[in-house]
Amino acid sequence: ALVATREDASHLGGDAELEWAASGRLGVVAGIRADRLPGEAEWTADPRLALAFSAGAWTLRAAGGEFHQGRWRTRFALPDAGSPAGVPTRARHLVAGAERSGEPSLKVEAYTKSYGRYAESGEGPRVAAGRATGLDAIVRWSRQGRVNGWVTYSLLRGRLELEDGRVVPSAVDVTHSFTGVATVRLPGELQLGNTLRYASGRPFTPRSAGPPGAPHGDRLPHYLRLDTRFTRLWTVRGRMLVTYVEMLNTADRANIAGYSYDDAADRRTTIPSFFGQRTAVLGGSVNF
C-alpha cells in the first residue's frame, strides 16, 4: 500500500557572534543561535562560548555550548524492534584540548556530550538520555626528508539510559579507533604509502527466533585493514603526471559490516564490509 504524508520542513533562525581579543595570547568567541526547527512548534536558543590561549608553540582551547535539532527526518530507517529508539533533540557539549605546532605537530582533545529530550522514532526500547565521553589525538610528521605521515587515536564511551531504567551501549560506542599513515620516498621519484586502520567492534542487538536480545548486547568483530600504494611522479612537458598502483585490504582480511537474518531469525549471514576482499587499483592524474 502507498502512504502519502506531508511534513512541514521549514526552518527559520538567526545567530549572533562576538569575538574579543582579550590579550595577545587570549581570544574569546561567544555566540547564540535561535531557531524554529523543522517539525517543532517552539523556538530554541543555543548559547556557545570558546576560549583559546597561546603560549609559545602550544595553544590551549576550551569550548562549550548547547545545540538543538528537530525531530523531522528524511532518511529511511529499517524497522528494528530490538535496538534503542529515539532521536535526541538537545545536546550539550564541553570540549578541552591542546595543540602543538612544530615537528611533529600534536593535537589532543577530550570531550563530554550529553543528549536529551528524545523524540519518538523507531520501534525499539525508548531512550530517555544519552552520553558520550572520549578523547581524540593526532600526531603528524610533515617535514621529514624521507618518511612522513600521521597517527590518530580515539577513545570513546557511549551510553544510553532507557526509559525502563536500563543503561546500554550506544550505537557510537566504538571504544578504540586507530589510523596510521606512512609515506616513504624512494629513489626514482617513487613513493610507497601504507595506511593501517583498526577499530574495536561496534554494538548491535542480536536477534533470535524468540524475543530480541538485550539492546546493543553484542559486538561485531574488530575491524582491521591495511592498504598499500606505490606512486610514481613524472614531469611531461612541464606538467606533473602521477601514476599509481594500489592494493586495498592487502592482508585480505574479511571484515564484517553487520549481519542479516532469515525470516525466522534462526540463521544469520555475515554482511562483508566494503573492500572485504583484496582489491587492486590502477590509476593516474595530470595536473594542468
Side-chain angles (χ1 to χ4, degrees), residues 69 71-88 91 113 115 118-136 152-164 166-181 195-228 246-281:
Q69 65 176 356
R71 69 191 68 208
W72 187 80
R73 291 290 183 273
T74 59
R75 65 175 181 268
F76 177 76
L78 291 172
D80 189 346
S83 295
V87 174
K113 303 177 182 181
Y115 303 91
Y118 277 75
E120 289 190 8
S121 176
E123 302 175 343
R126 302 298 179 190
V127 179
R131 179 175 294 276
T133 56
L135 180 144
D136 295 328
T152 67
Y153 171 73
S154 294
L155 174 66
L156 174 59
R157 176 182 172 88
R159 290 294 181 268
L160 296 175
E161 180 183 341
L162 306 182
E163 290 184 349
D164 60 14
R166 288 179 293 176
V167 177
V168 301
S170 69
V172 301
D173 187 49
V174 178
T175 309
H176 303 286
S177 300
F178 169 90
T179 301
V181 176
T195 301
L196 178 66
R197 299 178 177 89
Y198 167 84
S200 50
R202 65 175 179 83
F204 74 97
T205 301
R207 293 182 59 187
S208 64
H216 290 168
D218 205 346
R219 289 183 179 269
L220 296 174
H222 68 265
Y223 182 94
L224 182 63
R225 180 176 134 193
L226 173 66
D227 299 337
T228 304
E246 184 171 20
M247 188 67 70
L248 304 176
N249 195 6
T250 307
D252 201 23
R253 176 180 168 82
N255 291 300
I256 296 174
Y259 298 104
S260 63
Y261 297 81
D262 60 9
D263 292 340
D266 58 2
R267 186 177 62 183
R268 73 182 187 185
T269 304
T270 59
I271 302 173
S273 65
F274 288 111
F275 304 115
Q277 295 180 335
R278 185 186 295 119
T279 305
V281 180

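Quick caveat, the model's predicted, so the values are computed rather than measured.
- For the side-chain hydrogen bond (donor to acceptor under 3.5 Å, both in side chains) test, no residue two or more places apart in sequence or in another chain qualifies with Arg126.
- Residues that satisfy the side chain to side chain contact (heavy atoms under 4.5 Å, CB included) test with Ala199, not counting sequence neighbours, are Val174, Ser177, Tyr223.
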field: salt bridge (charged side-chain N to carboxylate O under 4.0 Å, His left out) assessment of Asp173 paired with Arg202
entry: CA-CA 6 Å; Asp173 187 49; Arg202 65 175 179 83; over 6 Å; no
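- The minimum heavy-atom distance linking Thr175 with Ser200 is given by the pair N-OG, 3.1 Å.
- More than 12 heavy atoms of other shown residues, nucleotides or ligands fall within 6.0 angstrom of atom CD in Glu163.
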- request: Evaluate the ring-ring contact (aromatic ring centres under 6.0 Å, His included) criterion for residues Tyr198 and His176: first the C-alpha distance (whole Å), next the side-chain angles of each, then the deciding distance (0.1 Å), finally the verdict.
  value: CA-CA 8 Å; Tyr198 167 84; His176 303 286; 7.6 Å; no
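- Side-chain contact annotation: Asp136 with Ser154, donor-acceptor N/O pair under 3.5 Å present.
- Asp252 contributes a side-chain N or O that, together with a main-chain N or O of Arg278, makes up a donor-acceptor pair within less than 3.5 Å.
- With values rounded to the nearest 0.5 angstrom, Asp227 atom CG is found 9.0 Å from Leu196 atom CG.
- Taking a 6.0 Å sphere around CZ of Phe178, one finds it holds more than 12 heavy atoms contributed by other residues, nucleotides or ligands.
- Rounding to the nearest 0.5 angstrom, the gap separating the CZ atom in Phe275 from the CG atom in Leu248 is 5.0 Å.
- For Arg159, the CZ atom sits in a packed shell: over 12 heavy atoms of surrounding residues, nucleotides or ligands are nearer than 6.0 Å.
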message: Let's go through Thr279 and Asn249 carefully: what are the C-alpha distance in whole Å and the side-chain angles of both, what is the deciding distance for side chain to side chain contact (heavy atoms under 4.5 Å, CB included) to 0.1 Å, and is it a yes or a no?
response: CA-CA 7 Å; Thr279 305; Asn249 195 6; over 6 Å; no
